[in-house]
Every structure is written in structure tokens, then in C-alpha cells.
Colleague: 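One structure is given below, represented as C-alpha cells, and several questions about it will come after.
Here is how names work: the chains are called A, B, and so on, in the same order as the sequence lines, proteins then strands, and each is numbered from 1.
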Amino acid sequence: MTLENERELVEAARAGDREAFRVLVERHQGEVFYLALGVLRDPDDAQDVVQEVFIKAYRSLARFRGESRLGTWLYRLTLNACRDHQRKGRLMKLQHSLGLVAEPESRWVEERPDADPERRTAGGQLRQDLLRALGKLTPAERDTFVLRQFNQLTIRETARVTRRAEGTVKNLLFRALRKLQKELATHAPMEEPA
Amino acid sequence: MKTGTKSCRRWRHHLVEAVCGELTPAHRAELESHLATCADCRQELAGLEETARRCEAALPPRPKASELDVWSRIRPVLDRVERPAGRRLAGRPLVLGYPAAAAGAVALLVLGLWLGSWLGPSLEPSPEVARPEAAVAAASGAELDVAYLRYLERATPLLLAVANRTTGGTAVASSSASISESVDSTAERRLAERLADDAGRLRQQLEDEGRRRQAALVADLGIVFLQMANLSHHEYRRGIELVQATIESRALLFQLSVEEMRHL
């Protein structure tokens with residue numbers, strides 16, 4: 001999709017063309033989901049966030065000035081939505097620790113203690129290790145790493161989305177990679193899928 | 001791994017650019033020249049590249065569009081955004097508890113629309129047309145001020161009621177009159193749920209307008225109300241102590257007092 005084509009779709013959606021908005025959703029839903037998955041590390045939470053993001057985008061389309069690409073704006077909405085989601089999650093965990101609510105069952109199958117070990121494929125173990133290691137990063141490091149590594153944004157694009165200087169982005173990536181290197185090295189050597 | 005030397009720290013940006021495949025020709029030449037003489041940086045670069053490679057191999061598979069199907073999930077919600085059913089979008093009824101005044105307002109509205117149909121083409125958008133901007137028409141400038149203050153007005157009574165409640169512990173706010181224990185927890189939880197939902201939307205609008213202080217206060221209030229909304233019926237009394245602790249730790253009553261003074 002060319003930039004001009006995207007601008008036309010945004011203008012049409014803003015004017016009330018639902019079909020245009022549907023096209024924009026289908027174009028960007030994958031990347032939004034992938035970002036949310038990397039930040040939240042839970043596919044169901046990521047699915048919830050994706051829906052929230054596009055509902056917010058629909059409501060706020062008038063506010064999108066077009067100075068950046070739509071994808072940049074959507075990524076920002078996604079990071080904000082992920083933060084809100086994490087805040088609610090911390091609240092639930094706190095309430096669970098006080099016995100006020102039952103702990104929700106983990107949706108990430110491989111994390112369940114009773115999960116069938118044979119289901120743990122090599123690829124699954126690798127992924128688990130990565131997702132667990134991502135939890136050790138600071139939010140800023142994780143956001144930056146996921147945008148760069150999951151969503152394949154350039155350093156400059158990552159800086160635009162996160163509204164940071166490129167030098168800051170490089171520092172964050174450096175720290176993230178170093179921490180991941182340390183975390184992944186403390187687990188069993190990963191066997192990559194054939 | 002020793003990378004604490006001054007020169008090595010200076011090369012970290014180049015190392016990251018190398019791992020990301022974004023080295024400019026000039027930076028590449030500089031880095032290669034440095035790596036020829038620095039074993040630590042060579043080792044660092046190898047470690048970072050290996051980590052990046054392992055992470056890439058470990059990435060979850062990208063979802064298929066059919067698996068996500070976001071459009072079919074959000075379409076019913078968007079329908080409600082387009083055609084508010086009385087309590088959506090522009091706001092909840094402004095005059096809860098004043099049915100006679102509300103009925104009068106509706107009658108005036110109907111009369112006005114009928115007269116308008118005689119005067120000329122309606123300026124109201126056709127209901128078939130989706131108007132995303134209508135959803136946020138009230139969310140800027142002076143209207144956002146009103147929405148913010150109205151939210152605080154709605155939130156304060158519940159917050160005070162909870163803060164003043166004695167549950168066997170010490171009430172957060174000192175008050176000579178403690179609230180009766182026979183409180184309707186269901187009604188409170190429902191109200192808290194609505195206030196938590198509204199806090200989420202209002203906070204986003206405030207942040208978008210750059211009003212960070214106000215957004216932070218609304219976010220804190222949202223957390224408190226979310227706590228209340230998630231309490232189970234049987235553990236309500238004990239859970240309120242947790243809510244009171246949150247109110248105290250975030251100094252919410254103080255913040256509300258400050259806001260009240262600002263807007264006098």
C-alpha cells in the first residue's frame with residue numbers, strides 16, 4: 001500500500017467510510033497484534049489489546065493529523081493500551097495475593113505446570129525462554145526491543161514511535177540485548193527447530 | 001565480559017547499528033578499524049549478534065488475518081459508537097435523579113427537531129454515515145475541562161465514602177461520623193465499574209491533549225475504582241481495606257483537594 005493510498009483511506013474513513021476503515025484494520029492488525037504479543041507475552045491479552053486499539057483509533061481518527069504514518073500512530077496507541085492492560089494485571093495479581101479473587105488460569109498453554117511435557121517442542125521451549133526473558137527487561141527496553149525485533153522497525157522508526165532520540169533507542173537496544181544474552185544463557189541451551 | 005573501557009562504551013552505538021544491519025559506510029569503516037584492535041568489542045559484537053539471531057529464531061509465528069479477524073469483533077462496538085443508545089458517546093445523562101427535568105429537556109429537543117424540519121435541511125449527519133469525529137467532539141478544549149471536572153464530581157463522593165469507612169482498621173480520612181457497615185456493595189461496585197471505564201477514556205483524551213497531571217490523577221482514580229469493581233461480594237469488606245491503602249498511598253484525597261482549589 002502506498003503512502004498516498006493510505007492517506008486516501010484515512011481521509012475516507014474519517015469522512016465516514018466504514019469500508020475504508022475495514023481495509024486499514026486488515027492492513028495493520030497483524031503488526032499491532034505482534035507488538036502487543038511481544039510486550040504482553042500473552043496471545044489472549046494481545047488479542048484484547050488489538051481490539052481496544054482499533055476501537056480507540058476509530059474514535060480518535062479525527063485527531064490523527066497525518067504528520068506521521070498511520071502505523072506509527074497505531075503503534076503508539078498499542079503501547080499505551082499495553083501499559084493500561086499491564087496496570088490492570090498488576091492489580092489483579094495483588095488482589096489474588098490477598099485471596100480476594102481467584103487466579104486466572106494461564107492462557108499460555110506451555111506455562112501450565114501440568115502441561116504435557118511432550119507438547120513442549122523445541123520451538124516452543126525456545127519461544128518460552130524468549131518470552132520469559134523479555135519479562136526481565138524494563139518496559140522501555142522491552143518496547144524498544146519488540147518494535148525493532150518483532151515488528152522489524154528501523155532504529156529511526158522505533159525512535160519516532162517511542163518519541164525518543166535515536167541515541168536513546170540504541171542505548172535501550174544495547175541494554176536489552178545484553179540482558180537477554182544473560183537470561184537466555186542461564187537456561188538450558190536452546191535447540192532450534194530443524 | 002569487560003566492556004567498561006571508555007573507548008568501548010563509545011562504540012556501543014556502532015555495535016547496535018551493526019547488529020541491526022544499519023551501519024552507514026562511514027560507521028562500518030570506523031567500526032572495522034576499531035574491532036581490528038579491540039578483542040572486548042569483538043567479543044561483545046559476537047555475543048550481541050548471537051543473541052539477536054537466537055531471538056529471531058524464537059519469535060512467535062506471525063498470525064494469519066483469519067485468526068485475528070479483528071474487524072468482525074469490533075464491528076458491533078463501532079455500531080454502538082455510530083448510533084449512541086442514549087448513554088453512549090457524548091455522555092451519560094447529565095441529570096441523574098431528575099426525571100422531570102430530563103423529560104422536559106427531551107420534549108424541547110423533539111419540538112426543536114420538528115421545527116427544524118420545517119426550516120430547512122437538517123444539519124445532523126445521516127445516521128448511515130459513520131462519523132468517527134463525533135465520538136470525540138466533546139473531548140477537546142473547554143469541553144474536556146467540563147468532562148474532567150464532571151468526572152471528579154462523580155468520583156469524589158464514592159471515594160470519600162470508602163476512605164471514611166471503618167472496617168476494623170483505621171479510616172484513611174478522619175471523620176467524626178463513620179459510614180454504616182450496611183453498605184450496598186453491589187451498587188458501589190457497579191458505580192466503581194462505570195467510573196473505572198470512564199477513567200480509561202478520559203485519561204486517554206487528557207494525555208492526547210498533553211494534560212499529563214490531570215491524566216495521572218484520573219489514572220489513579222481509575223485504579224482505585226477498578227480495585228473496587230473487581231472485589232468479590234464475600235470479601236468486600238476486607239477488600240475495602242486494600243482500596244483505602246491505595247487511596248492513602250496515592251494521596252488521592254489531597255490531590256482532589258488541590259484540584260478543587262485550582263478550579264474555585
Colleague: Let me know if B:Asp208 has heavy atoms under 4.5 Å from chain A in its side chain, its backbone, both or neither.
Modeller: side chain
Colleague: If you count heavy-atom pairs under 4.5 Å with chain B, which of A:Tyr34, A:Phe21, A:Phe145 comes out on top?
Modeller: A:Tyr34
Colleague: What part of B:Ala196 is in contact with chain A, defined as an atom under 4.5 angstrom from a non-hydrogen atom: side chain, backbone, both or neither?
Modeller: neither
Colleague: Any donor and acceptor pair, going by atom type alone, linking the side chain of A:Arg164 with main-chain N or O of A:Val169 inside 3.5 Å?
Modeller: no
Colleague: Relative to chain B, which of A:Asn171, A:Leu180, A:Ile155, A:Thr154 shows the most heavy atom pairs under 4.5 Å?
Modeller: A:Ile155
Colleague: Going by atom types alone, do A:Glu157 and A:Tyr75 pair a side-chain donor with an acceptor below 3.5 Å?
Modeller: no
Colleague: Non-hydrogen atoms of chain B under 4.5 Å away: do they reach the side chain of A:Gln47, the backbone, both or neither?
Modeller: side chain
Colleague: Show, in sequence, the C-alpha distance, side-chain angles and deciding distance for B:Asp197 and B:Phe225, and conclude whether the side chain to side chain contact (heavy atoms under 4.5 Å, CB included) test is met.
Modeller: CA-CA 9 Å; B:Asp197 283 346; B:Phe225 294 131; over 6 Å; no
Colleague: Which word best sums up how the rings of B:His34 and B:Trp11 line up, parallel for under 30°, tilted for 30 to 60°, or perpendicular for over 60°?
Modeller: parallel
Colleague: Go through the atoms of B:Arg203 and report whether side chain, backbone, both or neither lie under 4.5 Å from a heavy atom of chain A.
Modeller: side chain
Colleague: Mind running side chain to side chain contact (heavy atoms under 4.5 Å, CB included) on A:Arg178 and B:Arg12 for me, showing each step along the way?
Modeller: CA-CA 11 Å; A:Arg178 260 219 181 153; B:Arg12 282 179 185 174; 3.6 Å; yes
Colleague: Heavy-atom distances under 4.5 Å only: say whether A:Arg148 touches chain B with side chain, backbone, both or neither.
Modeller: side chain
Colleague: What is the minimum heavy-atom distance between A:Phe150 and B:Arg62, and which atoms define it?
Modeller: O-NH2, 2.6 Å
Colleague: When heavy-atom pairs shorter than 4.5 Å are enumerated against chain B, which of A:Lys56, A:Glu31, A:Glu52, A:Arg156 gives the highest number?
Modeller: A:Glu31
